[in-house]
Amino acid sequence: MNDECLFCRIASGEVPANVVRREKGMVAFHDIAPKAPVHVLVIPERHVDSMAGVEGLTRDERADMLAVIAAVAREHGLEPTGYRVTANHGDDAQQSVHHLHWHVMGGTRLSDTM
Ligand code: AMP
């Protein structure tokens with residue numbers, strides 16, 4: 001855990017969040033400023049800065065992360081109509097929180113410019 005990392009503090013429960021799923025070393029919670037009717041973030045409990053640090057997770061964690069992302073989308077009813085999964089790394093992608101997180105977005109027709 002990185003004490004100065006917001007998402008580590010959410011994962012530990014120190015900072016409140018609207019958690020929708022917690023399993024397999026992953027936490028899923030609603031984005032505080034949703035950009036779609038459904039906008040959930042999926043994070044590994046263990047800190048890595050971004051996709052660039054994904055090798056810092058175990059093979060099981062990497063696999064579980066994808067399974068949890070798919071489960072979150074399914075639970076929110078997004079499978080029939082579709083959804084988008086993104087992970088921002090670095091300045092050009094405008095990453096603002098430096099703890100790996102996946103945006104799971106859907107519930108409307110998403111922009112084709114992303
Ligand atoms: P990114 O720009 O890819 O780093 O995404 C960071 C996301 O975290 C943004 O969509 C923010 O709205 C979201 N966010 C920031 N603080 C919180 C928080 N306390 N709880 C939930 N989501 C947050």
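Hydrogens, waters and symmetry mates are skipped; everything else that's a heavy atom, side chains included, is used. Note that ligands are numbered from 1 as they come in the structure, with each ligand's atoms numbered from 1 the same way.
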**Atom CG of Asn18 with >12 non-hydrogen neighbours under 6.0 angstrom** =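 For Asn18, atom CG is crowded (more than 12 foreign heavy atoms under 6.0 Å).
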**Request:** Anything with a heavy atom under 4.0 Å from ligand 1 counts, so go ahead and list those protein residues by chain and number.
**Result:** Leu6, Phe7, Ile10, Phe29, His30, Asp31, Ile32, Ala33, Lys35, Leu41, Asn88, Gln94, Gln95, Ser96, Val97, His101, His103
**Asked** Are Glu61 and Met26 close enough, and set up right, to give a side chain to side chain contact (heavy atoms under 4.5 Å, CB included), and what steps lead you there?
**Response** CA-CA 8 Å; Glu61 285 171 323; Met26 306 295 145; 4.0 Å; yes
**Message:** Filter on ring pair (Phe, Tyr, Trp, His ring centres under 6.0 Å), then keep only pairs touching residues 72-95, sequence neighbours left out; what's left?
**Reply:**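 Pairs touching residues 72-95 that pass the test: His30-His76.
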**Counterpart residues, side chain to side chain contact (heavy atoms under 4.5 Å, CB included), relative to Asp31 (two or more places apart)** = Ala33, His39, Leu41, His103
**Message:** Using the rule given for side chain to side chain contact (heavy atoms under 4.5 Å, CB included), can you reason through Leu6 versus His99, listing the C-alpha separation, both sets of side-chain angles and the distance that settles it, and then say yes or no?
**Reply:** CA-CA 8 Å; Leu6 172 63; His99 179 126; over 6 Å; no
**Asked** Which residue pairs pass the salt bridge (Lys or Arg N to Asp or Glu O under 4.0 Å) test when at least one of the two sits in residues 47-56, sequence neighbours left out?
**Response** Glu55-Arg62
